[in-house]
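Data block below; observations after.
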Amino acid sequence: MNELNQALRKVDTQLGALESELDERSRLVSVLRLEPSANDNLDIISHVSRSAKQLSSLHDILVNGTNQAAITEFQARLDRYQRCFDRLQSDTYIDVSEYALHFDPIPEVTAVLASTPKTVRFQDDPDTMRSELMGTKAFKPYRDDEEASLGSFDPDTNQQLFAQHQQQILDQDSQLDTIHDSVRRQHAMGVSINDEVDDHLILLNDLESGVDASQIRLRRATDRLRKFRQACRENGSLVTIVVLTVILILLLVVLN
């Protein structure tokens, strides 16, 4: 039963990581309009492969015999994987057709109750209970007996605690891997955005250079126009005298 629970937890961890990857990929493609990189595709394929292997291992465990509740849980996780697989089938950047899962139906197994009679772990002796109620039970002092203390530990319980501790460490490692992948994808997105900002800065610098050149040409044309107007004002009276003189000469010639 412990093996089954561990397999179910591993499948849940892998499926959660796969769903998180798909959500990040959907935001990358739909919202940011960015094309997934080769590393992103490899990460998705790696998560799909690990999820398929975990589901196959869980299926092998269930085939050897289990109850209907475990089969139902397996089917629920298989449905989650199938939904992720269907989302990837419509993805044009990746091909995961080789990771399609097709399992033979698992025969339903009903839980068989043990025929052994139920036993009570602690049995109370009537005389002992009577002594405790009357307060006449002999007092047994506490002894700091190292051997007795060490003998009170159950080896099976210690092994189970160690296995649970190891499983928790593995789950934490999987969660840290998922967080690491998410941070790495966000870093890649930040690098892409930084590159686009650099391109925009180059365009803005070119535009600023063009505006500066236009201002210089406009300033030069303004200076030339001002000099021409000033020259016209300074030489205007002389031109008028020359014109009037020419007109006067023409009139004298005509009148004579």
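On a predicted model such as this, the values are computed, not experimentally measured, just so you know. These numbers come from the heavy atoms of this one structure, side chains and all, not from hydrogens, waters or symmetry mates.
Hydrophobic cluster membership differs between V183 and L28, with clusters built from Ile, Leu, Val, Met, Phe, Trp and Tyr side chains linked at under 4.5 angstrom. Note on L101 and L18: same hydrophobic cluster, where clusters join Ile, Leu, Val, Met, Phe, Trp and Tyr whose side-chain heavy atoms are under 4.5 Å apart, directly or indirectly. Each of V48 and V29 belongs to its own hydrophobic cluster when Ile, Leu, Val, Met, Phe, Trp and Tyr are linked at side-chain heavy-atom distances under 4.5 angstrom. The hydrophobic cluster containing V211 does not contain L203, counting ILVMFWY residues as joined when their side-chain heavy atoms lie under 4.5 angstrom apart, directly or transitively.
R217 meets the side-chain contact (heavy atoms from CB on, under 4.5 Å) test with A213, S214; sequence neighbours excluded. Every residue was checked against the side chain to side chain donor-acceptor pair (under 3.5 Å) condition with D177, not counting sequence neighbours, and none meets it.
Put simply, OG on S57 and NZ on K53 are 9.0 Å apart, with the number rounded to the nearest 0.5 Å. One distance of note links CG of L62 with CG of L58; it measures 4.5 Å at 0.5 Å rounding. In this structure, D173 CG and Q168 CD are separated by 12.0 Å, a value rounded to the nearest 0.5 Å. Here NZ of K227 is found 9.5 Å from CD of Q230. Values are rounded to the nearest 0.5 Å. Note that the CD1 atom of I94 and the CD1 atom of I45 stand 4.0 Å from one another [nearest 0.5 Å]. The CZ atom of R25 lies 12.0 Å from the CG atom of L34; values are rounded to the nearest 0.5 Å.
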| message | Pair D95, L88 - check side chain to side chain contact (heavy atoms under 4.5 Å, CB included), show working. | response | CA-CA 8 Å; D95 182 16; L88 289 173; over 6 Å; no
| task | Test E19 against R83 for salt bridge (Lys or Arg N to Asp or Glu O under 4.0 Å), laying out the working first. | result | CA-CA 9 Å; E19 290 170 347; R83 286 193 294 269; 5.3 Å; no
| field | Verdict with reasoning, T13 to R9, per side chain to side chain donor-acceptor pair (under 3.5 Å) | value | CA-CA 6 Å; T13 301; R9 284 196 294 269; over 6 Å; no
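A donor-acceptor pair is defined here as one N or O able to donate and one able to accept, closer than 3.5 Å; such a pair exists between the side chain of N205 and the backbone of L201. S46 places no side-chain N or O within donor-acceptor distance of the main-chain N or O of L42, the cut-off being under 3.5 Å. Without hydrogens or angle criteria, T245 side chain to I241 main chain gives a donor-acceptor distance under 3.5 Å. S51 contributes a side-chain N or O that, together with a main-chain N or O of H47, makes up a donor-acceptor pair within less than 3.5 Å.
Counting heavy atoms from C-beta on, the side chains of S192 and E196 never come closer than 4.5 Å. Inter-residue side-chain proximity for D23 and R87 is flagged as met; some heavy-atom pair is nearer than 4.5 Å. Between S182 and R185 there is a side-chain heavy-atom pair separated by less than 4.5 Å. Side-chain contact between E21 and E24 is absent, with no heavy-atom pair separated by less than 4.5 Å. Using a 4.5 Å heavy-atom cutoff, the side chains of F103 and S56 are in contact. I61 places none of its side-chain heavy atoms less than 4.5 Å from the side chain of Q6. Taking 4.5 Å as the limit, every side-chain heavy atom of T178 sits out of range of all side-chain heavy atoms of Q14. Counting heavy atoms from C-beta on, the side chains of L15 and V11 come closer than 4.5 Å.
Across Y81 and A52, no two heavy atoms sit closer than the pair OH-CB, 3.8 Å. Minimum heavy-atom separation, S97 to F85: CA-CZ, 4.1 Å.
For the residue pair Q75 / D79, a side-chain donor-acceptor distance below 3.5 Å is found, with atom types taken as modelled. Donor-acceptor pairing under 3.5 Å is lacking for the side chains of S37 and N39. Counting only N and O atoms by type, the side chains of R226 and T222 include no donor and acceptor under 3.5 Å apart.
One finds a salt bridge joining R77 and D12 here, because a Lys/Arg side-chain nitrogen approaches an Asp/Glu carboxylate oxygen to under 4.0 Å. Taking the charged nitrogens against the carboxylate oxygens, K10 and D171 have no contact shorter than 4.0 Å, which rules out a salt bridge.
Ring pair F74/H59 is tilted by interplanar angle, where 30° to 60° counts as tilted.
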